[in-house]
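One structure is given below, encoded as structure tokens.
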Amino acid sequence: MQIFKGLCSETKCLLESGLFKNRPLFLEKISSRPCHSATPVFSSEEQEAFPFAASYSATPVLSSEEQDVFPLAARVVKSLDGQVISKMSFRNAVKVHGFPYFIDTFRVFVHVFASVGMEREVYSLLFNVVSYYQAFDLDMFELFPFLLGGKPPHPEISIAVFDVLMKVFAANSLFESGLHVFYQTKKLGLTPSIRSCNFLLKCLIGKSKADSARMLFEDLKTHGPSPNVYTYSIMMNLYCRGQNVDISQATDILEDMKKSGESPSVTTYSTYINGLCRGGFLDIALGIVREMECRKHPLNSYCYNPVISAFCQQGHLCEALEVFEGMENNGISPDHHSFGILLDGFCKQGDVENSFHLVRKMLVSGVKLNIVNYSSLLTGLCKAGLHDFSLKLFRGLSASGYKHDMISYNTLVNEFCMIGDMDSASKLLEEMIHYGYVPDSFTFGSVIRGCCEVGLLGKAKELFNVMKTVGLLPSVFVWNVIVDRICKEGDLEQALKLIYEMQDQGILPNSRTYHAIIKRLCDEKMSEKALALISIMVKFGSLHINCFNTMINGLVKQSLPREAWKACKGMLGLGISLDIVTYTVLIKLFCRTNEMEKAWFLFAGMKKRGLMPDVVTYTTMMAGYRKMGDMVRCNALADEMRRRM
DNA sequence: GTAGGGTTAG
């Protein structure tokens with residue numbers, strides 16, 4: 001065993017004999033005896049109990065040769081049960097002996113354990129003292145000089161202590177103190193271990209202290225200890241996670257690694273691949289996976305899962321499945337996440353058949369479905385219109401011992417609200433409250449939208465106020481639902497009033513808010529006002545293509561082709577490309593004016609651009625030809641549509 | 001206590 005290294009053979013024999021195992025006696029006595037630095041370490045009974053310790057019994061704990069005492073005391077401590085340390089209450093010991101004395105004893109123990117590499121015990125001791133300092137609001141900065149004890153540092157022991165202290169501070173989110181230990185350790189001419197620095201870095205990032213993390217990382221690169229592959233992977237994760245992916249910074253990490261001679265690991269790559277997928281660079285991500293396959297670089301499910309997820313999010317389930325199967329063909333078994341991602345993808349599309357096929361595969365592979373997977377299935381069944389079956393599954397899960405969570409409840413509540421089945425939604429809502437779940441913004445949003453769907457605007461507004469009363473800030477989604485309903489009911493003035501109100505409450509209207517207004521203005525043939533609103537909005541931020549499509553559609557409906565084209569050009573000028581809806585609206589424009597050649601030109605053009613015409617596009621074209629009496633072309637298009645759909 | 005991933009609305 002490593003901790004026996006360097007011990008004399010007699011002592012080693014004694015330790016290995018098991019004679020001194022499970023003897024918490026020593027610590028208990030030490031901590032319960034009022035002891036001064038000059039008091040002998042061992043009582044007479046202890047000298048009997050620990051014969052080998054007797055020869056050191058005259059050595060004071062805090063003598064001038066303190067550091068020589070540590071390894072000796074370590075031999076004694078090793079013979080005790082390590083649990084003693086973790087069970088020891090710093091607070092109680094301080095109560096018994098008083099702070100000034102006990103902290104001295106405590107320092108000795110920390111050093112004793114550090115000197116023999118018993119890091120767990122050092123961690124436990126320091127965790128105790130830091131918790132005490134926190135509870136009594138003491139100055140953490142005292143701990144560093146205190147642990148030094150006013151002496152020159154022992155190179156190995158001090159590093160072992162400060163490394164753990166850094167970790168304890170980091171684990172408790174005491175970052176200033178953690179960084180202080182890092183810089184003070186270096187000031188003493190010592191080098192903290194890169195492991196502890198990595199842990200501090202990871203904790204900083206975990207608590208959104210990105211700036212501090214970056215500063216620490218830069219410090220490590222320039223002044224050491226040199227970052228290792230873990231350090232780079234942690235930093236890679238900073239730039240690749242969450243909503244704000246910074247792919248250029250992430251790519252710089254790879255460059256930094258190259259310069260420093262560190263090779264990216266499969267974790268570094270999988271994190272980068274995740275960032276690429278989240279940042280919208282799916283093709284590059286897939287390219288990296290393929291290259292890793294070609295180069296026989298180690299790959300695992302972490303590399304494939306983000307790619308599968310990104311394809312699912314785009315609704316490209318065929319591609320997602322292809323990657324999933326490709327991964328299996330490469331000898332990498334899909335894990336629970338791989339299945340979960342793909343299952344959710346199928347469910348979001350309401351593809352019950354493929355979902356259940358995958359469920360069977362999961363069961364065959366020995367992967368047990370969890371509540372997350374079942375939540376996906378609940379959604380899938382509802383998306384396929386099988387709400388009753390979804391509810392049955394929901395009930396069956398409870399009967400099988402699964403515990404529903406907020407998400408599974410919210411999923412079903414939301415789906416029932418979406419089809420306006422407010423009775424079923426209310427029953428579930430009551431049930432979830434009965435089981436102790438507090439409706440959150442999502443629950444309220446769903447129910448408010450449900451009420452709006454079925455025309456219960458009064459009830460929706462009531463719930464909207466309840467939300468505010470219980471301290472839930474309605475999100476922009478909830479505001480939009482209300483604004484949308486009010487617009488649909490034709491009360492433009494009230495809708496605009498609400499938009500001011502939401503701004504006053506710090507919620508910025510988004511493209512969807514304005515879409516509701518633009519749609520209403522167009523429906524009321526007030527296209528000029530809608531155009532004016534769009535031009536104002538463009539100045540404030542990017543408008544979703546739906547706003548332009550609704551606008552252009554309104555102009556076409558009002559037979560204002562010139563204005564429609566102008567809006568279309570304006571949209572292109574902003575760098576927004578025409579989508580299937582825009583093409584369809586423009587095709588409708590030409591069909592109305594019997595300009596079928598132009599309509600055909602657009603129809604062919606969209607296909608050339610890779611935009612697949614949908615049912616609306618086909619039927620618009622077909623209606624145009626039928627109006628012209630060209631049944632041959634009309635039927636040809638009907639055949640083509642049947643073939644493609 | 002040196003690194004990475006999946007579930008709820010328009």
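Every chain is numbered from 1, with letters handed out A, B, ... down the list of sequences. Atom set for the values below is all heavy atoms of this structure, side chains included, hydrogens, waters and symmetry mates excluded.
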Check your understanding: Looking at the rings of A:Tyr302 and A:Tyr269, which for Trp means the six-membered one, are their centres under 6.0 Å apart?
Key -> no
Check every strand shown and say whether [X] touches a base, only sugar-phosphate, or nothing at a heavy-atom separation below 4.0 Å.
X	result
A:Phe442	base
A:Asp344	sugar-phosphate
A:His515	nothing
A:Ser270	base
A:Thr231	nothing
A:Val266	base
A:Ser446	nothing
A:Arg512	base
A:Ser196	nothing
A:Met418	sugar-phosphate

Figure out the [atom1]/[atom2] separation between [X] and [N], and round it to whole Å.
X	N	atom1	atom2	value
A:Gln313	B:dA9	CD	P	11 Å
A:Asn198	B:dG4	CG	P	11 Å
A:Phe169	B:dT2	CZ	C1'	19 Å
A:Tyr239	B:dG4	OH	P	16 Å
A:Met236	B:dT2	CE	C1'	16 Å
A:Arg120	B:dT2	CZ	P	12 Å
A:Asn510	B:dA9	CG	C1'	13 Å
A:Leu378	B:dG6	CG	P	20 Å

Check your understanding: For A:Asn244, does the CG atom have more than 12 heavy-atom neighbours from other residues, nucleotides or ligands under 6.0 Å away?
Key -> no
Check your understanding: Any side chain to side chain donor-acceptor pair (under 3.5 Å) pairs touching residues 161-178 of chain A, not counting sequence neighbours?
Key -> A:Glu119-A:Lys167, A:Asp163-A:Ser193, A:Asp163-A:Ser196
Nearest to the side chain of [X] - [options]?
X	options	answer
A:Phe199	B:dG6, B:dG1, B:dA9	B:dG1
A:Tyr123	B:dG1, B:dG10, B:dG6	B:dG1
A:Arg449	B:dT2, B:dG4, B:dA9	B:dA9
A:Asn370	B:dA9, B:dA3, B:dG6	B:dG6
A:Arg278	B:dT7, B:dA3, B:dG6	B:dG6
A:Asn373	B:dA9, B:dG6, B:dG1	B:dG6
A:Ser375	B:dT7, B:dG10, B:dG4	B:dT7
A:Lys348	B:dT8, B:dG10, B:dA3	B:dT8

Check your understanding: Where do A:Ser260 and A:Tyr232 land on the side chain to side chain donor-acceptor pair (under 3.5 Å) test, with the steps shown first?
Key -> CA-CA 11 Å; A:Ser260 75; A:Tyr232 288 113; 3.2 Å; yes
Answer yes or no: is there an ion pair linking [X] with [Y], defined by an N-O contact shorter than 4.0 Å?
X	Y	value
A:Asp388	A:Lys392	no
A:Arg395	A:Glu431	yes
A:Lys427	A:Asp423	no

Exercise for review: Indicate the ring-plane relationship of A:His404 and A:Phe394, choosing parallel, tilted or perpendicular according to the 30° and 60° boundaries.
Suggested key: parallel
Review point. Looking only at side-chain N and O atoms, does A:Lys202 come under 4.0 Å of OP1 or OP2 in B:dA3?
Key: yes
Practice item. Give a yes or no on whether a donor-acceptor pair under 3.5 Å exists between the nucleobase atoms of B:dG10, that is its base, and the side chain of A:Asp484. Key: no
Review point. Is it true that the side chains of A:Ser270 and A:Thr267 contain a donor and an acceptor less than 3.5 Å apart?
Key: no
Exercise for review: Determine if A:Tyr302 stacks with B:dG4; use a centre-to-centre distance below 5.5 Å and an interplanar angle below 30° as the criteria.
Suggested key: yes
Review point. What residues in residues 403-415 of chain A put a non-hydrogen atom under 4.0 Å from any atom of DNA chain B?
Key: A:Ile407, A:Asn410, A:Thr411, A:Asn414
